[in-house]
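Structure first, commentary second.
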Protein chains: 2
Amino acid sequence: MRVTLGDVARRAGVSLATASRALNGSDRNVGDVLAARVRASAKELGYLPYAPAQALARASTATLGVLLHDVADPYFGVITRGASEAAAEAGLLTMVVSTFADPDLELRNIRMLHAQRARAIVLAASGYVDEEATRRLDEALGAYRAEGGRVVALTDHGPSYDSVRPANRRGAADLTRALLGLGHRRFAVVPGPERLRVSLDRLLGVREALDEAGVALGPEAVEFAEFSHEGGRAATARLLERSRPTALIALSDVGAVGALAELRGRGLDVPGDISVVGFDDIPCAAQLAPALTTVRVPLERMGAEAVRLALEPRPRTAPGGIEDATDGLSAGPDTRSPRVVDLPTETVLRASTAPPPGAF
Amino acid sequence: MRVTLGDVARRAGVSLATASRALNGSDRNVGDVLAARVRASAKELGYLPYAPAQALARASTATLGVLLHDVADPYFGVITRGASEAAAEAGLLTMVVSTFADPDLELRNIRMLHAQRARAIVLAASGYVDEEATRRLDEALGAYRAEGGRVVALTDHGPSYDSVRPANRRGAADLTRALLGLGHRRFAVVPGPERLRVSLDRLLGVREALDEAGVALGPEAVEFAEFSHEGGRAATARLLERSRPTALIALSDVGAVGALAELRGRGLDVPGDISVVGFDDIPCAAQLAPALTTVRVPLERMGAEAVRLALEPRPRTAPGGIEDATDGLSAGPDTRSPRVVDLPTETVLRASTAPPPGAF
DNA sequence: AAGGGATGGGAAAGCGCTTTCCCCGCATTA
DNA sequence: TAATGCGGGGAAAGCGCTTTCCCATCCCTT
């Protein structure tokens with residue numbers, strides 16, 4: 001390409017080494033005079049370092065990978081904002097890849113990020129139930145980590161990864177208890193897709209609270225659905241064919257919005273005829289009418305926290321068992337036990353919930 | 001790092017050159033036997049190409065940059081989805097950087113993307129009114145283009161860039177005409193921030209339609225606001241202090257949502273007391289209650305189209321004036337006249353608009 | 001006044017890949 | 001049979017940077 005560090009050095013009358021040290025920092029000092037000359041020369045020539053070459057020489061890039069289902073989904077959008085802001089603070093660029101909940105695509109994307117040698121990968125896309133898919137992903141991630149890459153999971157990806165975990169199960173249980181507290185006894189649930197672990201996790205929380213209260217939740221009252229407007233809408237329609245719940249629990253806000261649409265279409269009043277709750281507290285949840293009762297998940301913080309974890313200096317255990325601070329170059333796999341950050345969720349009561357009809 | 005092409009080559013008993021050609025394609029052929037051996041060897045070793053090294057050797061990366069205000073804003077989220085999907089199809093990884101409508105940050109981010117030698121930059125963040133800021137951005141983009149980088153603007157960034165342009169002005173005019181058609185004569189407008197060109201562009205459309213109809217729009221009826229829920233809410237509050245419009249035109253959906261919240265807070269009925277319209281048709285616009293009348297902007301398509309434009313083979317004019325198809329290596333600045341793709345918008349009438357109160 | 005750290009500068013060896021250039025052997029043509 | 005391509009293989013020269021050495025000063029210390 002155009003202006004190289006060599007040009008800058010020549011113009012400043014110094015060696016390549018000095019120019020490099022002056023512009024891009026190093027443990028070695030450069031005399032003030034020369035340093036100033038180099039900087040001036042760089043500015044005059046409009047020099048910009050050539051990142052791929054730096055990456056090659058340093059054996060380390062300045063990029064972060066974020067793996068998610070869909071950037072346009074506000075859930076992931078907010079996470080990505082948190083992550084990329086934290087990344088920017090650390091001088092990293094964020095590469096966002098969408099998998100659309102397809103394990104094969106996810107695998108390919110992990111390989112791409114690995115090939116790019118992203119410093120770290122944030123797994124915002126949730127874990128799969130399918131064991132074979134999980135195994136293959138683990139394998140690819142393992143290879144990445146073996147070369148010094150860091151991985152942080154934002155959902156349950158097994159115990160071997162650093163994780164930032166919202167209290168999915170507990171949050172769902174609390175939410176359900178809130179509905180029980182209002183007097184509801186007939187529930188219907190729209191979890192996410194059955195193949196994702198989050199769905200099951202949250203559903204488990206719901207069951208937990210219902211069991212506690214001795215309320216039954218038959219299979220006819222559960223209808224899995226994609227995390228989408230249409231998914232939520234269709235699932236709600238199917239549920240209403242076979243039961244008459246007083247409370248509908250959608251385990252994602254986007255799904256809840258679809259549910260609201262379906263209910264409105266059927267002329268049902270929310271919360272007069274039926275209460276509806278969501279999960280995640282995406283930005284528009286509060287602005288719906290009725291405003292959606294939901295579980296606040298600290299999405300932005302999750303993204304930021306994940307990056308913090310990923311960039312945390314990583315002690316490595318030498319064969320002798322003593323921690324040593326080898327740099328990234330001689331990087332071996334990470335031998336620490338994984339860090340886990342548990343983030344609390346919070347039930348947010350809004351206008352979409354009320355006591356069941358006929359309650360006094 | 002770990003497994004290099006050299007390892008693969010050695011294991012397959014071939015030269016580095018052959019291994020490279022077999023795995024990563026080239027204009028030269030490799031015999032079937034050797035090619036198979038190389039592929040097998042790569043698979044067995046779990047080889048993944050080292051992208052920074054490839055970039056250095058090829059003088060070209062496999063990344064795309066998208067510059068936007070905020071990933072968590074659905075407007076940009078949807079654009080990004082379109083762009084990154086198109087990029088993925090072309091084998092590119094997408095780097096997303098947020099500028100939060102700050103020209104300085106934008107400048108820094110352009111430099112970073114330049115340093116990464118992203119193949120192309122999609123400017124989804126809108127142009128600034130400030131001339132000095134614009135000049136500096138142009139300068140940085142110019143340097144990037146001088147080295148062969150491609151730039152596509154999604155909003156008005158001046159005539160020198162390839163652009164994908166939604167019909168902002170026309171869309172706003174049509175929207176306004178729709179309100180006029182319903183009988184409205186007293187308007188209030190909440191454009192975006194005054195420093196962004198889109199805001200002015202759309203406002204111009206509104207004025208155009210009002211002028212046509214001979215309806216006045218005094219300065220007291222216009223209140224600029226950030227593209228955000230809170231911005232729209234606060235601006236609406238201020239507007240209502242000093243005027244009693246029958247129609248409120250928010251020139252972004254996120255702003256309109258804020259406006260709805262403020263109106264609801266004041267006990268005003270939409271559309272009974274006042275009609276509200278937005279702009280963009282972000283996914284949740286249709287799911288609000290009342291569903292928002294707005295202008296559909298083909299966001300996803302804009303992103304995809306931008307990438308298509310950016311990746312389009314680029315003829316270059318030789319000094320003699322004859323187009324030649326030199327490859328990217330000897331890249332000079334792009335001498336074609338910029339491509340412009342105009343995308344139509346469409347007014348979508350929903351429940352948030354009705355004839356003004358008292359109309360018969 | 002001589003020995004010995006610091007200190008700062010430069011030459012050059014890579015980092016992992018692509019691509020030119022050269023060469024060899026085979027098939028084709030005269 | 002000799003001349004001529006040509007297809008496919010390999011050696012090696014980079015791509016633009018960082019970093020290890022090595023070296024020359026300079027300033028302390030004894």
Side-chain angles (χ1 to χ4, degrees), chain A residues 1-38 41-42 45-62 114-117 147-148 326-331, chain B residues 1-38 41-42 45-62 114-117 147-148 326-331:
Chain A
M1 296 275 171
R2 240 27 331 149
V3 184
T4 74
L5 188 56
D7 300 332
V8 175
R10 197 169 322 115
R11 186 169 221 277
V14 302
S15 75
L16 209 56
T18 303
S20 169
R21 294 198 266 249
L23 289 181
N24 302 321
S26 98
D27 40 357
R28 294 257 325 244
N29 281 331
V30 173
D32 294 342
V33 202
L34 289 194
R37 228 157 66 200
V38 171
S41 156
L45 294 174
Y47 170 75
L48 275 178
Y50 194 81
Q54 289 188 310
L56 186 56
R58 293 182 175 151
S60 150
T61 59
H114 183 167
Q116 294 290 334
R117 264 60 176 185
E147 282 189 28
T326 6
D327 57 57
L329 293 183
S330 54
Chain B
M1 296 274 171
R2 247 8 355 137
V3 184
T4 74
L5 189 57
D7 300 332
V8 175
R10 198 167 321 115
R11 186 169 220 278
V14 302
S15 74
L16 209 57
T18 302
S20 169
R21 295 197 266 248
L23 290 180
N24 302 321
S26 99
D27 41 356
R28 294 258 322 244
N29 281 331
V30 174
D32 295 342
V33 202
L34 291 193
R37 231 156 67 201
V38 171
S41 157
L45 294 173
Y47 170 75
L48 276 179
Y50 193 81
Q54 289 188 311
L56 185 55
R58 294 184 175 149
S60 151
T61 60
H114 183 166
Q116 294 290 334
R117 264 61 177 185
E147 283 190 27
T326 6
D327 56 59
L329 293 182
S330 54

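Each chain gets a letter, A, B and so on, in the order its sequence line appears, and its residues count up from 1.
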Whole angstrom value for the distance that separates [atom2] of [N] from [atom1] of [X]:
| X | N | atom1 | atom2 | result |
| --- | --- | --- | --- | --- |
| B:R117 | D:dG16 | CZ | P | 9 Å |
| A:E147 | C:dC15 | CD | C1' | 14 Å |
| A:L48 | D:dC17 | CG | P | 10 Å |
| B:L56 | C:dG14 | CG | C1' | 12 Å |
| A:D27 | D:dT18 | CG | P | 12 Å |
| B:R37 | D:dG8 | CZ | C1' | 14 Å |
| B:L16 | C:dC21 | CG | P | 18 Å |
| A:Q54 | C:dG16 | CD | P | 17 Å |

Can you confirm whether [X] sits close enough to [Y] that some side-chain heavy atom of one is under 4.5 Å from a side-chain heavy atom of the other?
| X | Y | answer |
| --- | --- | --- |
| A:L48 | A:R2 | no |
| A:V38 | A:V30 | no |
| A:P49 | A:L23 | no |
| A:T18 | A:R28 | no |

[X] side, atom [atom1]; [Y] side, atom [atom2] - distance, nearest 0.5 Å:
| X | Y | atom1 | atom2 | answer |
| --- | --- | --- | --- | --- |
| B:Y47 | B:D7 | OH | CG | 9.5 Å |
| A:R10 | A:L5 | CZ | CG | 10.5 Å |
| B:L16 | B:R21 | CG | CZ | 10.0 Å |

Terminal axes of the helix from C:dA1-D:dT30 to C:dA30-D:dT1 (five pairs each): angle between them, nearest 10 degrees:
40°

Using every non-hydrogen atom in the two residues, find where B:T61 and B:A55 come nearest and quote the distance to one decimal.
CG2-CB, 3.7 Å

If every non-hydrogen atom of B:R37 is compared with every non-hydrogen atom of B:G13, which pair is closest and at what distance?
NH2-O, 3.9 Å

If the cut-off is 4.0 Å, is [X] near the phosphate of [N], judged by side-chain N/O to OP1 or OP2?
| X | N | value |
| --- | --- | --- |
| A:S15 | C:dG10 | yes |
| A:S20 | D:dT18 | yes |
| A:T18 | C:dG9 | no |
| A:N29 | C:dG8 | yes |
| B:N24 | C:dC17 | no |
| A:Y50 | C:dC15 | no |

Do any pairs count as a salt bridge (charged side-chain N to carboxylate O under 4.0 Å, His left out) and have a residue in residues 11-20 of chain B, sequence neighbours left out, and if so which ones?
B:R11-B:E44

Pick the nucleotide of DNA chain D nearest each of B:G13 and A:A17; which residue has the one closer to the 5' end?
B:G13

Nearest-nucleotide check on DNA chain D, B:D32 vs A:P49; residue mapping nearer the 5' end is B:D32

Polar atom pairs between nucleotides 21-28 of chain D and protein, under 3.5 Å, N or O only, would you list them?
unit_1, atom_1, unit_2, atom_2, d
D:dC21, N4, A:R28, NH1, 3.2

Considering only side-chain heavy atoms of B:V14, which listed nucleotide, D:dC15, D:dG16, D:dG10, is closest?
D:dG10

